[in-house]
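Only a predicted model underlies this, so the values are computations on that prediction, with no experimental measurement involved. Just so it is clear: chains get the letters A, B, ... in the order the sequence lines come, proteins before strands, and each one is counted from 1.
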Protein chains: 2
Amino acid sequence: MGKARVQGRHAGLTRGHVLEAAVRLADRDGVASLSMRKLAAELGVEAMTLYHHVRNKQGLEDAIVEHVLAESLRPPRAGASWQEVVAAHADELHRGLNRHPGAVILFATRPAVTPATLVVLESLLRVLRDAGFAPRTALHLIYAVASAVVGQHLAADGAAATPPDAVLIAADGLPVVAAALADGPVTVESRIEVTVTALIAGFETILARDENRPRGMDPPARGTGLE
Amino acid sequence: MGKARVQGRHAGLTRGHVLEAAVRLADRDGVASLSMRKLAAELGVEAMTLYHHVRNKQGLEDAIVEHVLAESLRPPRAGASWQEVVAAHADELHRGLNRHPGAVILFATRPAVTPATLVVLESLLRVLRDAGFAPRTALHLIYAVASAVVGQHLAADGAAATPPDAVLIAADGLPVVAAALADGPVTVESRIEVTVTALIAGFETILARDENRPRGMDPPARGTGLE
DNA sequence: ACCTGAACACCGTTCAAGT
DNA sequence: ACCTGAACACCGTTCAAGT
């Protein structure tokens with residue numbers, strides 16, 4: 001067939017090629033159907049060859065997450081307010097997940113604590129600290145926004161899997177649910193926008209409260225019934 | 001061996017037994033290692049037998065989610081404020097995921113739109129509507145809280161998989177990250193509590209804004225840079 | 001160093017067959 | 001109706017072997 005390569009001959013395969021193909025396949029068919037064997041076939045290589053460029057399948061998945069994050073996140077714009085920086089961060093994450101739908105589940109599963117992401121995190125936290133947030137509260141804010149964005153993508157993917165008609169029928173006899181769905185389907189964009197808007201407004205409140213406290217004190221929990 | 005059962009003899013297996021065993025195995029070893037074959041073995045039955053009680057593996061996973069939700073969610077307490085109701089809902093979800101760690105990933109993956117969960121949703125939305133929220137805003141609020149809770153559990157599970165020392169070492173040279181982590185590890189409880197507190201405060205702001213608008217108008221998006 | 005081929009220990013699911 | 005056994009088409013990964 002001419003396609004066969006002689007053993008020992010270099011395929012010229014690099015980690016970058018492997019990753020690029022993995023992301024492409026994941027976006028096309030979903031991570032669930034991404035296998036080491038299929039990925040190898042796509043690259044014209046035996047499955048075992050991949051293990052020279054990636055520790056194992058988990059390592060491949062981690063690399064996909066890093067790849068998408070590196071491609072999506074940018075340092076905060078100088079001079080922007082913390083609200084703008086947080087909203088922009090959410091938007092970058094959202095666009096990244098939109099561009100790479102296959103990677104969404106991996107974002108929920110793999111931690112992605114790499115030097116590169118930590119540098120971005122540091123720059124975000126610095127903006128928040130300069131705005132008056134305690135470092136730990138700032139971390140909570142970033143965590144909250146990130147997992148809100150990922151969570152809404154996950155939920156939207158799940159919702160897309162169930163036919164909307166089924167929901168409308170099931171909502172029969174549930175007037176408020178029906179009213180909420182009456183204005184058309186709830187989009188990921190609207191869910192993320194509302195959630196991020198609420199989080200920013202909520203942390204504005206938390207910031208205002210904390211600034212009235214003596215410095216160096218840990219923000220005590222407000223009673224929410226969550227104990 | 002005595003354990004072998006004659007073909008055609010009823011094993012007395014019910015859907016309830018299958019589900020209970022599935023949840024137990026998922027909690028013990030994680031869903032990733034839960035297989036139809038292992039589950040069948042645990043029940044002293046052949047793998048194919050399970051297909052009489054469950055459509056397929058995806059159906060089994062959906063059933064696990066429903067099972068955990070049914071066990072965890074309760075109708076809102078009469079007379080409670082909307083803030084208390086929302087916080088209690090988050091807490092119930094949080095406890096359910098704590099009790100069934102194996103199910104967490106399934107919550108991120110499977111939608112869980114069942115008659116039972118829709119009834120709970122209706123009761124929650126009713127409380128929020130009575131408090132002055134537009135139905136759709138109320139839905140956004142519940143969505144935001146639910147995926148915040150699930151998201152924080154997912155992130156916590158992912159973080160638990162990476163050794164905290166590695167993070168501290170990587171955080172070297174990143175003073176604000178280091179400061180945020182200095183007070184000890186960030187727990188799921190604190191992450192959920194802060195996030196839910198922020199969301200409640202944020203939606204209080206949104207509610208106050210909407211109430212100053214003429215009735216029947218859709219809440220326009222506030223500029224967050226998310227467009 | 002990089003790639004292969006065979007093998008091991010698994011999967012979910014279908015299908016025909018048993019009682 | 002409920003359960004089984006064999007089979008199909010897959011998996012990730014190890015290991016020894018090739019150049």
Side-chain angles (χ1 to χ4, degrees), chain A residues 1-23 25-26 28-65 102-103 105-106 109-110 161, chain B residues 1-23 25-26 28-65 102-103 105-106 109-110 161:
Chain A
M1 294 277 120
K3 207 34 185 345
R5 208 170 330 89
V6 195
Q7 235 184 355
R9 262 321 204 307
H10 288 197
L13 197 62
T14 67
R15 198 171 194 268
H17 294 145
V18 173
L19 238 72
E20 189 205 343
V23 171
L25 282 189
R28 201 185 62 193
D29 307 322
V31 237
S33 89
L34 174 68
S35 72
M36 298 296 272
R37 287 165 130 112
K38 278 191 203 161
L39 175 57
E42 175 84 7
L43 290 162
V45 113
E46 290 301 307
M48 298 312 103
T49 303
L50 301 178
Y51 286 81
H52 287 280
H53 301 95
V54 142
R55 178 187 291 275
N56 50 25
K57 203 191 180 186
Q58 194 164 250
L60 177 70
E61 296 180 342
D62 286 344
I64 291 176
V65 173
I105 307 172
L106 299 181
T109 306
R110 312 298 317 157
Chain B
M1 299 268 122
K3 208 31 184 348
R5 207 168 333 87
V6 195
Q7 235 184 356
R9 260 322 203 305
H10 288 196
L13 197 62
T14 67
R15 198 170 194 269
H17 294 144
V18 173
L19 240 70
E20 189 205 343
V23 172
L25 282 190
R28 202 186 60 192
D29 306 323
V31 239
S33 89
L34 174 67
S35 74
M36 298 296 272
R37 289 165 130 110
K38 279 190 203 163
L39 176 56
E42 174 84 7
L43 290 161
V45 113
E46 289 302 306
M48 300 311 105
T49 303
L50 300 178
Y51 287 80
H52 287 279
H53 301 95
V54 142
R55 178 188 291 274
N56 50 25
K57 203 191 180 186
Q58 193 164 249
L60 177 70
E61 296 180 341
D62 287 343
I64 291 176
V65 173
I105 306 172
L106 299 181
T109 307
R110 313 298 317 157

Looking at [X] and [Y], what are the two nearest heavy atoms and their distance?
| X | Y | answer |
| --- | --- | --- |
| Thr14(B) | His53(B) | C-CD2, 3.9 Å |
| Val54(B) | Gly59(B) | CG1-C, 4.3 Å |
| Met36(A) | Leu50(A) | O-CD1, 3.2 Å |

(request) Evaluate the criterion side-chain contact (heavy atoms from CB on, under 4.5 Å) for residue pair Arg28(B) and Leu25(B); output intermediate values, then yes/no. (result) CA-CA 5 Å; Arg28(B) 202 186 60 192; Leu25(B) 282 190; 3.4 Å; yes
(request) Indicate yes or no: at least one non-hydrogen side-chain atom of Thr49(A) is less than 4.5 angstrom from one of Leu13(A). (result)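 Touching, per the 4.5 Å side-chain cut-off.
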How long is the line joining [atom1] of [X] and [atom2] of [N], in whole Å?
| X | N | atom1 | atom2 | answer |
| --- | --- | --- | --- | --- |
| Leu50(B) | dT14(C) | CG | P | 13 Å |
| His53(A) | dT4(C) | NE2 | P | 11 Å |
| Glu46(A) | dC15(D) | CD | P | 19 Å |

Could you measure the distance from the [atom1] atom of [X] to the [atom2] atom of [Y]? Nearest 0.5 Å is fine.
| X | Y | atom1 | atom2 | result |
| --- | --- | --- | --- | --- |
| Arg15(A) | Glu20(A) | CZ | CD | 14.0 Å |
| Leu60(B) | Leu106(B) | CG | CG | 8.5 Å |
| Leu34(A) | Lys57(A) | CG | NZ | 5.5 Å |

(message) Looking only at the side chain of Asn56(B) (C-beta and beyond, no hydrogens), which of the listed nucleotides dT13(C), dG5(C), dC3(D) gets closest?
(response)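 Nearest nucleotide to the side chain: dT13(C).
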(message) Taking the minimum atom-to-atom distance to the side chain of Met48(B), which one of dA6(D), dC15(D), dC2(D) wins?
(response)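 Closest of the options to the side chain of Met48(B): dA6(D).
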(request) Could you check Ala47(A) against Ala47(B) and say which one's nearest nucleotide on DNA chain C is further toward the 5' end? (result)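 On the 5' side of the pair lies Ala47(A).
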Look for any protein N or O under 3.5 Å of an N or O in nucleotides 8-11 of chain D and output each such pair with its distance, or none.
| from | atom 1 | to | atom 2 | distance (Å) |
| --- | --- | --- | --- | --- |
| dC11(D) | OP1 | Ser35(A) | OG | 3.3 |

(request) Would you state whether a donor and an acceptor, one from the side chain of His52(A) and one from the base of dC2(C), lie under 3.5 Å apart? (result)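 Side chain to base: no pair present.
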(message) In this structure, which stretches of DNA chain D are paired as stems of three or more consecutive Watson-Crick or G-U pairs, both distances less than 3.5 Å?
(response)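 Stems for DNA chain D, defined as runs of 3 or more consecutive pairs: C:4-8 with D:12-16, C:12-16 with D:4-8.
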(request) Step by step, work out the side-chain contact (heavy atoms from CB on, under 4.5 Å) result for Thr109(B) and Glu61(B). (result) CA-CA 9 Å; Thr109(B) 307; Glu61(B) 296 180 341; 5.7 Å; no
(request) Return no unless some side-chain N or O of Tyr51(B) is found under 4.0 Å from OP1 or OP2 of dT14(C). (result)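 For dT14(C), neither OP1 nor OP2 has a side-chain N or O of Tyr51(B) closer than 4.0 Å.
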